[in-house]
Number of protein chains: 2
Amino acid sequence: MTAFSVADVSTPDQKDILDEWEIAVIDLFLNAASSFGLPKSYGQIYGLLFCRDQSLPMNEVMKLLQISKGSASQGLRALRQLGAVSSVFEPGDRKERFVAEIRLRKLVGGFLREQADPHLDKGVGRLKQIEALLGNLDNTDSLKRGIRKHEILSGWHRQMSRLLPWVKMIVGKSDRLPKKSSY
Amino acid sequence: MTAFSVADVSTPDQKDILDEWEIAVIDLFLNAASSFGLPKSYGQIYGLLFCRDQSLPMNEVMKLLQISKGSASQGLRALRQLGAVSSVFEPGDRKERFVAEIRLRKLVGGFLREQADPHLDKGVGRLKQIEALLGNLDNTDSLKRGIRKHEILSGWHRQMSRLLPWVKMIVGKSDRLPKKSSY
DNA sequence: CACTTTGTTCAAAAAAACTTGAACAAACGA
DNA sequence: TCGTTTGTTCAAGTTTTTTTGAACAAAGTG
């Protein structure tokens, strides 16, 4: 229980208010999230944490973004899973607090690990399934065509598998810029 | 007008039927499309054309996939815009016919050009907007923080801009495999 | 011109994705 | 133990996206 609370209801505290630039940054991440196929609320949450230097607990996130408990909880969980936020426990505080990961390399790596890699793995299964269906076929025209297409798909799969490690390497390769860094 | 038409209604022609493996491939592309943030029907259309060696006119696409005129029309237009299909006109036929682009490099290039590049461009504008908002601020704590965050975002933007050309280069670099190729 | 074929557009319907909030669980302190 | 705080889950509601199909346009043909 706090010692006193003047105008506790209705008047938003200064602390509950976002700066204009923060709103713009949050909106930027909202848009970025949807273009990566993630829910907008994930973008907002990440954007908010990105703006702050101090960690925030879930209830602050809810208040500042005006989103529901459910969205906040699910969003924070998903972002942590992606490696885009991590949580810390301040000693003597029961609340979990969250901070944004700002190293681009980590962000990209997490995204690829959670989104791209699983798709490539499923791809292996699908290719096998197609192979199996082709196995049921007699030596028809369709069979020959199917085999050819299967080869093409396998080639694509191989190339994509090779590309991803490069992407992970290239991003965040912090080439020169000794100070100022690059994230 | 065709010369004769026995059981024209209700009984689907052999030609209106997809092989099982084709259905599997189409489904693969349906899933791929949605994970790239494209409508499923685009995936189906591309998948069908990918399976076929012969070009198909729009009405065949509609019949084979059982999708509406509107979907077929819009899907084909969008896929052409992405460089994923191209159209040909058989001489003496009024219909436009479509074929899938199967060179992975072209596909990736088109996707990046149409989806990633525009986002990076919008990013420039957004960064400027944030800068402007920071300009309105006095020399507060928030300003310093805002400047720092803006720098981070600029760094990310730069790195992403550098990454894309590499991706375009790497994909389809047809390393070795003198025959069999790789697409 | 009248008629057919081919393809586009867009408002409305359907489907999918996202968000909400109430009910629930877990963990702590008194 | 009971009450409180913190966080999760999920069915229902909301919003957004996608699909449909009827009306329209364009372009040939007889």
Side-chain angles (χ1 to χ4, degrees), chain A residues 1-2 5 8 26-27 29-49 55-82 85-98 115, chain B residues 1-2 5 8 26-27 29-49 55-82 85-98 115:
Chain A
M1 178 59 81
T2 49
S5 47
D8 223 352
I26 289 165
D27 188 61
F29 279 107
L30 181 155
N31 282 111
S34 31
S35 65
F36 283 116
L38 299 174
K40 293 174 192 167
S41 63
Y42 295 13
Q44 298 183 86
I45 295 170
Y46 180 84
L48 171 60
L49 295 174
S55 66
L56 292 178
M58 192 175 98
N59 65 338
E60 284 287 324
V61 172
M62 288 167 58
K63 245 190 311 185
L64 287 164
L65 296 175
Q66 316 207 94
I67 62 177
S68 69
K69 234 178 184 212
S71 281
S73 173
Q74 292 180 182
L76 286 166
R77 175 149 46 81
L79 288 168
R80 188 167 41 197
Q81 167 77 7
L82 276 172
V85 313
S86 50
S87 64
V88 296
F89 283 92
E90 294 296 329
D93 187 352
R94 199 131 67 69
K95 289 197 283 298
E96 194 174 7
R97 306 178 63 90
F98 298 89
Q115 312 283 311
Chain B
M1 176 60 80
T2 50
S5 47
D8 224 353
I26 289 166
D27 188 62
F29 280 107
L30 181 155
N31 283 111
S34 32
S35 65
F36 282 116
L38 299 173
K40 294 176 191 163
S41 64
Y42 294 13
Q44 298 183 86
I45 295 170
Y46 181 84
L48 171 59
L49 295 174
S55 66
L56 292 177
M58 193 176 98
N59 64 338
E60 286 285 324
V61 171
M62 290 167 56
K63 243 189 314 185
L64 288 164
L65 297 175
Q66 315 208 96
I67 62 178
S68 70
K69 236 179 181 209
S71 281
S73 174
Q74 293 179 184
L76 286 167
R77 175 147 48 80
L79 289 168
R80 188 165 43 194
Q81 167 78 7
L82 277 171
V85 313
S86 51
S87 63
V88 296
F89 284 91
E90 294 297 328
D93 187 352
R94 198 132 68 69
K95 290 197 281 298
E96 195 174 6
R97 306 177 65 91
F98 299 88
Q115 312 283 311

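Nothing here was measured: the structure is a model prediction, and the numbers come from that model. In the text below, chain A, chain B and the rest are named by the order of the sequence lines, each starting its count at 1.
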Closest non-hydrogen contact found for B:L76 with B:V85 is O-CG2, 4.0 Å
Taken to the nearest whole Å, CG/B:N59 to P/C:dT8 is 13 Å
Exercise. Evaluate the side-chain proximity of A:L79 to A:L38: yes if any heavy-atom separation is below 4.5 Å, no if none is.
Key: no
When rounded to whole Å, the CG to P distance for the pair A:L56 and D:dG7 reads 12 Å
| query | Can you check whether B:K69 has a side-chain N or O nearer than 4.0 Å to OP1 or OP2 of D:dG21? | reply | no
Hey, does A:Q115 have a side-chain heavy atom less than 4.5 Å from the side chain of A:L82? yes
*asked:* Side-chain N or O of B:S68 versus OP1/OP2 of D:dT19: is the shortest distance under 4.0 Å?
replied: no
| query | Would you say the base of C:dC18 and the side-chain of A:Q74 have a donor-acceptor pair closer than 3.5 Å? | reply | no
When rounded to whole Å, the CD1 to P distance for the pair B:I67 and C:dA14 reads 19 Å
From CG of B:L30 across to P of D:dT18 the rounded distance in Å is 12 Å
- [ ] Would you tell me if any nitrogen or oxygen in the side chain of B:S41 comes within less than 4.0 Å of OP1 or OP2 on D:dT18?
- [x] no
From the candidates D:dT8, C:dT9, C:dG7, the one with an atom nearest any side-chain atom of A:M58 is D:dT8
Rounded to whole Å, the CG-P distance (B:N31 to C:dA16) equals 13 Å
*Mind running side-chain contact (heavy atoms from CB on, under 4.5 Å) on B:S55 and B:E90 for me, showing each step along the way?*
CA-CA 10 Å; B:S55 66; B:E90 294 297 328; 4.2 Å; yes
query: Between A:E60 and A:K95, is there a salt bridge with N-O shorter than 4.0 Å?
result: no
Of the candidates C:dG7, D:dT16, D:dT9, the side chain of B:E96 sits closest to C:dG7
In whole angstroms, the gap separating C1' of D:dT19 from CG of B:L65 amounts to 14 Å
Taking C:dA27, D:dA27, D:dT9 as options, the one with an atom nearest any side-chain atom of A:R94 is C:dA27
By nearest-nucleotide position on DNA chain D, the 5'-leaning member of A:P57 and B:G70 is A:P57
Side-chain atoms of A:S71 come closest, of D:dT6, C:dT19, D:dT19, to C:dT19
Atom CZ of A:R77 and atom P of D:dG7 are separated, to the nearest Å, by 13 Å
Closest to the side chain of B:P39, out of D:dT6, C:dG7, D:dT18, is D:dT18
Here the distance between atom P of D:dT20 and atom CE of B:M62, to the nearest Å, is 9 Å
